[in-house]
S.K.: 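Right, I'll just put the structure down here and ask away after.
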Amino acid sequence: MDPISERLRARHPQRIDLSLDRMKVLCAALGDPQHKLPPVVHVAGTNGKGSTVAFIRAIAEAAGLRVHAYTSPHLVRFNERIRLNGRLIGDAALNDILDRIEALDVEATVFESTTAAAFVAMSETRADLAIVEVGLGGVLDATNVIERPLLSVIAPVDLDHAEFLGTSLRGVAAEKAGILKPGARGLIARQSEEAMAVIEAAARAVHAPLTVMGVDFDAWAERGGMAFQDQERFLDLPAPALVGPHQIANAGLAIAVALELDLPETAIAEGLRTVRWPARLQRLTAGPHGEAARAADAELWLDGGHNPHAARALAEALAERQAKAPRPLALIVGMLANKDAGGFFEALKMSGAAIFTVPFEGAAAEPEALAAVARGHGLGATACASVDEALERALRLGAGRVAICGSLYLAGEVLGAARETWPD
């Protein structure tokens, strides 16, 4: 664990307690930095919100804007969560801000403290734009003390974090729609009919105008690139650097944001080409795992998706790749014990992949129990003691395409294995 994460875990409660009361008290004690940010694009959603943030940031930076970003969770180092003008916050600056927060003696959870730290850092460093990703839900998420965003963005809504958000899609959509604010335009990804009805009702209640994918704009793959169309223009664009059909949709949502920000088409195209977002169908060629795969002439991919919706996106991306260049497929899967493993494997059952289940540090599902769930969904599965063992077995059995997936925590351990694969 990196030193900043160790410090936070030692000094703040680990619980997740969705409430804005403590956050408001903490921010007030810090001089309400959330009201002193550059213009804010606030991003919520179940899946794709991190990728959407990455696309928006890449496009805005390609346009020459100075951009802050706050995202979660991190993969290897806590500093990944806070970008100031395109660079990860330094340890000294972050520790100084945490000193100031802890000197207040205000009770706050880890996420509340880190969100407040991000707001302080972003308010004290000049920039043209701040992109803020919701941590969990929306209505009571610590980031929702932002009262006047420039734009509110809602990526695809689905079920996840049931212990906090429940098992009703309508209820989850209502939580996400809580970031919509009076007068701030909401840009909405393509949603199920049920979720969209809730979002529209929430928008009407606060008088937030909406721009909706599939109604006001759309994006699709075309001739090796992608196309975007709204009611005023058609853009012929390069394929996004992030892999998978679902990234076309995420890119489309980000393009709609970019056009609201009046960014030029040249910056949009450059942002699509240069965007980076680790552990989202990331091709690994470096580090011990990447080198092992290369030595066996196999592809190795890393994906942090951890719920059924993300598994469906992974399955679609792998199927597309398998159709173009078939190879024996293996999945190395580790998941948190509280995730819907059955739904995850159900989404992947037609892949024909050999499954190898693995543990990781923290509240991970036991590999044998996870393998049993996979077998229950018609997949051949073997429990392994580590990613190293699972990868060695998969390669020895002839896998030519391997994806390590199921958890961002697992992805972080894989990337953290070598300095050359740490996110920048």
S.K.: Donor-acceptor pair, Ser407 side chain versus Met335 backbone, under 3.5 Å?
M.R.: no
S.K.: Check whether Arg294 reaches the backbone of Thr285 with its side chain - one donor and one acceptor, N or O, closer than 3.5 Å.
M.R.: yes
S.K.: Where the side chain of Lys49 meets the backbone of Gly45, is there a donor-acceptor pair that is under 3.5 Å apart?
M.R.: yes
S.K.: Measure from the side-chain N and O atoms of His68 to the backbone N and O of Asn85, and report whether any donor-acceptor pair falls under 3.5 Å.
M.R.: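 Yes, because the side chain of His68 sits within donor-acceptor range (under 3.5 Å) of the backbone of Asn85.
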S.K.: Out of the candidates Leu263, Val41, Val40, Leu151, only one should pair with Leu129 under the side chain to side chain contact (heavy atoms under 4.5 Å, CB included) rule; please name it.
M.R.: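 So, applying the side chain to side chain contact (heavy atoms under 4.5 Å, CB included) to Leu129 and each of Leu263, Val41, Val40, Leu151, only Val41 qualifies.
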S.K.: Go through the structure and list residues passing ring-ring contact (aromatic ring centres under 6.0 Å, His included) with His74, not counting sequence neighbours.
M.R.: Phe78
S.K.: Could you check if a side-chain atom of Leu210 sits within less than 4.5 angstrom of a side-chain atom of Met196, using non-hydrogen atoms only?
M.R.: yes
S.K.: Are any side-chain N or O atoms of Thr46 and backbone N or O atoms of Val157, one a donor and one an acceptor, separated by less than 3.5 Å?
M.R.: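 No, because the side chain of Thr46 does not come within donor-acceptor range (under 3.5 Å) of the backbone of Val157.
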S.K.: Please lay out, stage by stage, how Tyr70 and Val53 fare under the test side chain to side chain contact (heavy atoms under 4.5 Å, CB included).
M.R.: CA-CA 9 Å; Tyr70 178 55; Val53 168; over 6 Å; no
S.K.: Quick one: does any side-chain atom of Gln322 pair with a main-chain N or O of Ala319 as donor and acceptor, under 3.5 Å?
M.R.: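 Side chain of Gln322 to backbone of Ala319: no pair is present.
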S.K.: Could you check whether Lys36 pairs with Asp32 (Lys NZ or Arg NE/NH1/NH2 to Asp/Glu carboxylate O, under 4.0 Å)?
M.R.: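 Salt bridge between Lys36 and Asp32, a charged N being under 4.0 Å from a carboxylate O: no.
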S.K.: Going through the distances and angles, do Val358 and Ser386 end up as a side chain to side chain contact (heavy atoms under 4.5 Å, CB included)?
M.R.: CA-CA 5 Å; Val358 297; Ser386 67; 6.0 Å; no
S.K.: When rounded to the nearest 0.5 angstrom, what is the spacing between CG in Leu379 and CD1 in Ile355?
M.R.: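 Result: 5.0 Å between the selected atoms.
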S.K.: Please give me the minimum heavy-atom distance between Ala374 and Ala381, naming the atom from each residue.
M.R.: CB-CB, 3.8 Å
S.K.: Do Gln247 and Ser51 get their side chains close enough for a donor-acceptor pair, meaning under 3.5 Å?
M.R.: yes
S.K.: Closest heavy-atom contact between Ala63 and Pro264?
M.R.: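 Minimum heavy-atom separation between Ala63 and Pro264: CB-CD, 4.2 Å.
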S.K.: Going by heavy atoms in the side chains, are Asp91 and Pro3 under 4.5 Å from each other?
M.R.: no
S.K.: For Ala418, does its backbone N or O pair with a side-chain atom of Thr421 as donor and acceptor, under 3.5 Å?
M.R.: yes
S.K.: Hey, what do you get for OG1 (Thr357) to CD (Glu368), rounding to the nearest 0.5 Å?
M.R.: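 The CD atom of Glu368 is 6.5 Å from OG1 of Thr357, to the nearest 0.5 Å.
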S.K.: Just so I know, are the side chains of His35 and Leu37 near enough to count as touching, which here means a heavy-atom distance under 4.5 Å?
M.R.: no
S.K.: Return the set of residues passing salt bridge (Lys or Arg N to Asp or Glu O under 4.0 Å) with Glu320 (not counting sequence neighbours), or none when no residue passes.
M.R.: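 Glu320: no salt bridge (Lys or Arg N to Asp or Glu O under 4.0 Å) contacts found.
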S.K.: Under 3.5 Å, side chain of Ser123 to main-chain N/O of Val120, donor-acceptor pair present?
M.R.: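 Such a contact is found between Ser123 side chain and Val120 backbone.
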S.K.: Counting only heavy atoms not in Glu366, do more than 12 sit closer than 6.0 Å to its CD atom?
M.R.: no
S.K.: Less than 4.5 Å apart, side chain to side chain, heavy atoms only: is that true for Ile82 and Leu88?
M.R.: no
S.K.: Using the test side-chain hydrogen bond (donor to acceptor under 3.5 Å, both in side chains), find all partners of Thr211 that sit at least two apart in sequence or belong to another chain.
M.R.: Arg185
S.K.: Considering only distance and modelled atom types, tabulate donor-acceptor pairs under 3.5 Å from the side chains of residues 138-149, sequence neighbours left out.
M.R.:
{"residue": "Asp141", "atom": "OD1", "partner": "Gly135", "partner atom": "N", "Å": "3.1"}
{"residue": "Asp141", "atom": "OD1", "partner": "Leu136", "partner atom": "N", "Å": "2.8"}
{"residue": "Asp141", "atom": "OD2", "partner": "Gly135", "partner atom": "N", "Å": "3.3"}
{"residue": "Asp141", "atom": "OD2", "partner": "Thr143", "partner atom": "N", "Å": "3.0"}
{"residue": "Asp141", "atom": "OD2", "partner": "Thr143", "partner atom": "OG1", "Å": "2.6"}
{"residue": "Thr143", "atom": "OG1", "partner": "His42", "partner atom": "NE2", "Å": "2.9"}
{"residue": "Asn144", "atom": "OD1", "partner": "Lys181", "partner atom": "NZ", "Å": "2.6"}
{"residue": "Asn144", "atom": "ND2", "partner": "Gly138", "partner atom": "O", "Å": "3.2"}
{"residue": "Asn144", "atom": "ND2", "partner": "Val139", "partner atom": "O", "Å": "3.1"}
{"residue": "Asn144", "atom": "ND2", "partner": "Gly178", "partner atom": "O", "Å": "3.2"}

S.K.: Start with the C-alpha distance between Glu80 and Thr71, add both sets of side-chain angles, then the distance that settles side chain to side chain contact (heavy atoms under 4.5 Å, CB included), and finish with yes or no.
M.R.: CA-CA 8 Å; Glu80 297 165 30; Thr71 57; 6.0 Å; no
S.K.: Which pairs pass salt bridge (Lys or Arg N to Asp or Glu O under 4.0 Å) with one or both residues in residues 402-424, sequence neighbours excluded?
M.R.: Arg83-Asp424
S.K.: Does a salt bridge link Arg312 with Asp158, judged by any charged N lying under 4.0 Å from a carboxylate O?
M.R.: yes
S.K.: Between Arg77 and Asp2, is there a salt bridge with N-O shorter than 4.0 Å?
M.R.: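 Salt bridge between Asp2 and Arg77, a charged N being under 4.0 Å from a carboxylate O: no.
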S.K.: Side-chain contact, heavy-atom cut-off 4.5 Å: Arg321 with Trp301?
M.R.: yes
S.K.: Would you call Arg66 and Glu61 a salt bridge, taking side-chain N to carboxylate O under 4.0 Å as the test?
M.R.: no
S.K.: Using a strict threshold of under 4.0 Å (side-chain N to carboxylate O), is an ion pair present between Arg7 and Glu102?
M.R.: yes
S.K.: With rounding to the nearest 0.5 Å, note down the distance linking CD in Gln191 to CD1 in Ile154.
M.R.: 7.0 Å
S.K.: Testing the basics here: between Ala310 and His306, what is the closest heavy-atom pair and its distance to 0.1 Å?
M.R.: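 Looking at all heavy atoms of both residues, the closest pair is CB-N, 3.8 Å.
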S.K.: Answer whether the closest heavy-atom distance between the side chains of Asn307 and Asp340 falls below 4.5 Å.
M.R.: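 No, too far: nothing below the 4.5 Å cut-off.
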S.K.: Looking at every non-hydrogen atom in both residues, tell me the closest pair between Phe119 and Met23 and how far apart they are.
M.R.: CE1-CE, 4.0 Å
S.K.: Not counting sequence neighbours, list each pair that qualifies as a ring-ring contact (aromatic ring centres under 6.0 Å, His included) and has a residue in residues 218-266.
M.R.: Phe217-Phe228
S.K.: Specify the closest pair of heavy atoms between Ala241 and Arg276, including all atoms of both residues, with the distance to one decimal.
M.R.: CB-NH1, 3.6 Å
S.K.: Under the side chain to side chain contact (heavy atoms under 4.5 Å, CB included) criterion, do Ile255 and Leu272 qualify, and how do the steps go?
M.R.: CA-CA 9 Å; Ile255 292 166; Leu272 294 179; 4.3 Å; yes
S.K.: Can Asp230 and Arg233 be counted as an ion pair, charged N to O under 4.0 angstrom?
M.R.: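 Here Asp230 pairs with Arg233 in a salt bridge, since their nearest N and O are under 4.0 Å apart.
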S.K.: Are Arg100 and Glu124 close enough, and set up right, to give a salt bridge (charged side-chain N to carboxylate O under 4.0 Å, His left out), and what steps lead you there?
M.R.: CA-CA 14 Å; Arg100 289 152 61 183; Glu124 295 179 350; 2.6 Å; yes
S.K.: Does atom OH (Tyr409) have a neighbourhood of more than 12 heavy atoms from anything else shown, all under 6.0 Å?
M.R.: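 Incorrect, the count does not exceed 12.
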S.K.: Are any of the side-chain heavy atoms of Pro238 and Met226 separated by less than 4.5 Å?
M.R.: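 The answer is no, as the side chains (C-beta and beyond) never meet within the 4.5 Å cut-off.
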S.K.: Between Glu316 (side chain only) and Ala313 (backbone N and O only), is there a donor and an acceptor less than 3.5 Å apart?
M.R.: no
S.K.: Treating His289 as the side-chain partner and Gly287 as the backbone partner, does any N or O pair qualify as donor plus acceptor under 3.5 Å?
M.R.: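 The answer is no, because no donor-acceptor pair under 3.5 Å joins these two groups.
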S.K.: How far apart are the closest heavy atoms of Ala267 and Ala62, and which atoms are they?
M.R.: O-CB, 3.6 Å
S.K.: Would you check if Phe356 and Val333 make a side-chain contact, meaning some heavy-atom pair closer than 4.5 Å?
M.R.: no
S.K.: What's the spacing between Leu331 CG and Cys405 SG if we round to 0.5 Å?
M.R.: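 Rounded to the nearest 0.5 Å, the CG-SG separation comes to 5.0 Å.
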